[in-house]
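Here's the structure we're looking at; comments come further down.
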2 protein chains.
Amino acid sequence: MTVSRVLRNRGDVSAATRKRVLEAARRLGYVPNKIAGALASQTVNLVAVIVPSLSNLVFPEVLTGISEVLDETPLQPVVGVTRYEPEREERVLYEMLSWRPSGVIVAGVEHTPAARAMLEAADMPIVEIMDSDGEPVDSLVGISHRRAGRMMAEAIIENGYRRIAFLGTKMPLDHRARKRFEGFSEALARAGLEVADREFYSGGSGLVKGREMTETVLARTPDLDFIYYSNDLIGAGGLLWCLEQGIDVPGRLGLAGFNGLRLLDGLPKRLATMDACRAEIGREAARIVAERAHGRRVELTPRLDPGDTLMRSAAG
Amino acid sequence: MTVSRVLRNRGDVSAATRKRVLEAARRLGYVPNKIAGALASQTVNLVAVIVPSLSNLVFPEVLTGISEVLDETPLQPVVGVTRYEPEREERVLYEMLSWRPSGVIVAGVEHTPAARAMLEAADMPIVEIMDSDGEPVDSLVGISHRRAGRMMAEAIIENGYRRIAFLGTKMPLDHRARKRFEGFSEALARAGLEVADREFYSGGSGLVKGREMTETVLARTPDLDFIYYSNDLIGAGGLLWCLEQGIDVPGRLGLAGFNGLRLLDGLPKRLATMDACRAEIGREAARIVAERAHGRRVELTPRLDPGDTLMRSAAG
């Protein structure tokens, strides 16, 4: 009976006895069952984390930020992957909410009406992450991708480039890439410029994809003087291809990507990019859930890193 | 009462009524609470997945494989990160087992005695993944890293290299990198060779790290004719540095990495590497848990990809 009282954390048991019992239980591999406790409190120590993908580099970094903060709490992340499909997001969300998690962290502010209804009806902290261009259900942590696109366009124009192409993913449901492109086009338009060419792809990104698309777009529009890529990986592929062709980067052709992947430091030239604050987004979102906060809004500022491929003057 | 019976999946309700009620509930964002059901069955539809890190590229791919398979089931992964620390693994495991998950997928076969006791006492499928060099508690899915190291050493020797260095992570708890190094040294010894130099680092890997280490080791041991890296990222950094220095790869110096990262396809030369079967490991492990299987052993065969940096004859 003493054992049972210790393991259930009930009853009058001396500290010494408690310690002995817990140590014995530990040796035997005994783990208390918390489901009954959860039933009583109607909530469980799990945080639903819903991301589009784990196989690109961006979301694992967000998850790392989340797990850094939750590690210091009794909360643990449950991960759902939507593959950028709204119906799958709806289904994953439904499954996860059925566990009454302590909170939900979900990528993006675009959801189906049913998914949004579930989030609105859920009585727990909801944090929409990555993107601040939209109305969140509850809390929001992210950057403005429209602004990121505008910032990059402005930097490109300031450096004297005029014939500017956009190369990116075709995925119609990657709303953040779409918003960057919109902000980018807007800022060009304000300077009296149009996107001189564009090329879209589907499927995973990688260096090879960036090489191929760069070759294609330069064959079609040889007088381009800048290429803005929707992510660093295809940008790095484009950079390698240009250097092999002997193209003067950034003198003849400037290049920029997006995400601020530290992983790619060490290429022959550092690609201009923009820090998307991934780990920080994960940490802030986890903090909101851990503090059971509501209605918080954390807009982070993407930081432009001109690398070696954007500033003609610095090229020397 | 009809509504309640539908939502609890109980009682005689016509299919048409059930459908109407569920649709209405869905619009309102209603999600049934499964905790009570879990209490009755003493198990929950969650799978504990315990990995050392999410910020390198390897484990997100394993997770992607797991989530691909679990997506077709009612099971969902709960992710715990150990940062390669045995005490943290113990703690994460304890937390997760308290939920009575439907199974545990845990990286590696090395655990503290307490963690192993918990795994042995747990009444659910346990799958240790990545590494087949060791005795699993229950099921195992992985490759032999000793064998991977041996295979690479044999390929290097066959191609006529004799002054061979190893560059890798210092982390004493990365048992898989250690086993590759052991298998590698063994195979060299059998051919009457010793590792001609070695260099270890701590902290995250990246192209820059590979550049620096390559420069260091070649300055110290200029007559090296091969470098075996413990992962593709540092290998790719080494490759870029060598090409910039005008070193003939693989004529004068051969290079090889480990992991088979498709991400790096598109470098000026394709680094020799070995496919570590990551997504497949994730899928197989998830299948074992989904099928509630026990005692299964799936040893996958790493596949050597000689790329452009291992076979002197193919260099042309």
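We name chains A, B, ... by the order of the sequence lines, and we start the count at 1 in each one.
Here Arg211(A) contributes atom CZ and Leu267(B) contributes atom CG; the two are 7.5 Å apart, rounded to the nearest 0.5 Å.
Taking chain A as the reference chain and counting heavy-atom pairs below 4.5 Å, the highest number among Val47(B), Val49(B), Leu240(B) is found for Leu240(B). Comparing Gly237(A), Ser67(A), Pro268(A) by heavy-atom pairs within less than 4.5 Å of chain B, the highest count is held by Pro268(A). Between chain A and the residues Asp71(B), Leu70(B), Leu119(B), the largest count of heavy-atom pairs under 4.5 Å involves Asp71(B).
Within the 4.5 angstrom heavy-atom criterion, only side-chain atoms of Arg88(B), from C-beta onward, approach chain A. Proximity to chain A is absent for every atom of Glu212(B), based on heavy atoms less than 4.5 angstrom apart. When heavy atoms are compared at a cutoff of 4.5 Å, Val92(B) approaches chain A by way of both its backbone and its side chain. Using a 4.5 Å cut-off between heavy atoms, Glu244(B) touches chain A through its side chain atoms alone. Proximity to chain B is limited to the side chain of Arg91(A), based on heavy atoms less than 4.5 angstrom apart.
A 4.5 Å side-chain heavy-atom check between Leu46(B) and Val78(A) finds at least one atom pair inside the cut-off.
Taking each heavy atom of Asp265(B) and Leu207(A) in turn, the nearest pair found is O-CB, 3.0 Å. Pairing each heavy atom of Arg83(A) with each of Glu68(B), the nearest pair is NH2-CA, 3.8 Å.
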